[in-house]
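The block underneath contains the structure these notes are about, expressed in C-alpha cells.
Numbering starts at 1 and runs along the sequence shown.
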Amino acid sequence: MDDLLRFLHARYEADNHAYAEVAYRFGGDAVLDRHLPMLDLVDMLAREYEAMDPSDTRLAGLRYVLRVLAQSYAEHPDYRAEWRP
C-alpha cells in the first residue's frame with residue numbers, strides 16, 4: 001500500500017504542476033476548476049489513510065477507495081496492475 005500512496009502523491013504533485021503551468025501560460029480561465037477539488041480529495045484521502053490507526057475499522061474501505069481512485073491513472077507507466085480493486 002505504501003507504493004500506491006507514493007504513486008498517488010506523485011500524481012497529485014504532477015497534476016497540480018501541470019494545472020499551474022496551464023494557468024501561467026494561458027490564464028486562469030484555461031484551467032477547469034472542477035478538477036482541482038478532485039485532486040485535493042484524493043490527496044486528502046491518502047493522507048488520512050496514512051494517519052489512521054491500523055485497528056481503525058474504516059481502513060479497509062479507505063484502502064478500496066484509494067485503489068478505485070488510482071485507476072484513473074491506469075495508463076500511467078508507473079501504475080501497477082496489482083493495485084486494481
Side-chain angles (χ1 to χ4, degrees):
M1 193 65 187
D2 289 341
D3 290 340
L4 175 61
L5 292 170
R6 278 192 291 277
F7 175 79
L8 286 172
H9 287 308
R11 300 293 59 79
Y12 172 78
E13 291 293 323
D15 287 349
N16 273 316
H17 286 286
Y19 278 110
E21 180 67 20
V22 168
Y24 174 76
R25 287 179 184 250
F26 303 106
D29 292 339
V31 177
L32 299 175
D33 291 338
R34 65 181 180 266
H35 290 206
L36 296 175
M38 186 62 176
L39 288 176
D40 290 340
L41 174 63
V42 173
D43 188 61
M44 180 195 71
L45 291 172
R47 291 180 191 282
E48 282 187 22
Y49 180 89
E50 292 169 322
M52 274 188 175
D53 186 280
S55 65
D56 193 318
T57 58
R58 300 170 297 162
L59 203 61
L62 187 50
R63 183 180 303 119
Y64 180 78
V65 166
L66 290 170
R67 288 173 182 258
V68 168
L69 292 170
Q71 283 187 301
S72 65
Y73 296 105
E75 299 300 318
H76 191 279
D78 294 336
Y79 181 83
R80 298 182 190 169
E82 71 238 28
W83 292 336
R84 294 191 200 294

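In plain terms, the two heavy atoms of Val65 and Leu45 that are nearest each other are CG1-CD1, 4.0 Å. The two atoms that bring Leu4 and Ala70 nearest to each other are CD1-CB, 3.6 Å, heavy atoms only. Minimum heavy-atom separation, Glu13 to His17: O-CD2, 2.7 Å. Minimum interatomic distance between Pro85 and Val68 (heavy atoms only, all atoms of both residues): CG-CG2, 3.6 Å.
With sequence neighbours left out, His76 forms a ring pair (Phe, Tyr, Trp, His ring centres under 6.0 Å) with Phe7. In this structure Asp43 satisfies the salt bridge (Lys or Arg N to Asp or Glu O under 4.0 Å) test together with Arg47, sequence neighbours excluded. Partners of Ala14 according to the side-chain contact (heavy atoms from CB on, under 4.5 Å) rule, which considers only residues two or more places apart in sequence or in another chain, are Arg11. In this structure, the side-chain contact (heavy atoms from CB on, under 4.5 Å) partners of Glu21, at least two apart in sequence or on a different chain, are Arg25.
A side-chain hydrogen bond (donor to acceptor under 3.5 Å, both in side chains) check over residues 58-67, counting only residues at least two apart or in different chains, returns the pairs Tyr49-Arg63, Asp56-Arg58. Listed by first then second residue, pairs satisfying salt bridge (Lys or Arg N to Asp or Glu O under 4.0 Å) with a partner in residues 73-83 read Asp3-Arg80, Arg80-Glu82, not counting sequence neighbours.
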| request: Go through the steps for Tyr79 and Arg84 under the test side-chain contact (heavy atoms from CB on, under 4.5 Å), then give the verdict. | output: CA-CA 9 Å; Tyr79 181 83; Arg84 294 191 200 294; 3.5 Å; yes

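Following chains of ILVMFWY side-chain contacts shorter than 4.5 Å, one can reach Met1 starting from Leu59, so the two form part of one hydrophobic cluster. Connection of Tyr24 to Leu39 is not established within any shared hydrophobic cluster, with ILVMFWY side chains joined at heavy-atom distances below 4.5 Å, either directly or through further cluster members.
Counting only heavy atoms from C-beta outward, the side chains of Tyr73 and Asp15 approach each other to under 4.5 Å.
The distance from atom CE of Met52 to atom CG of Leu62, rounded to the nearest 0.5 Å, is 5.0 Å.
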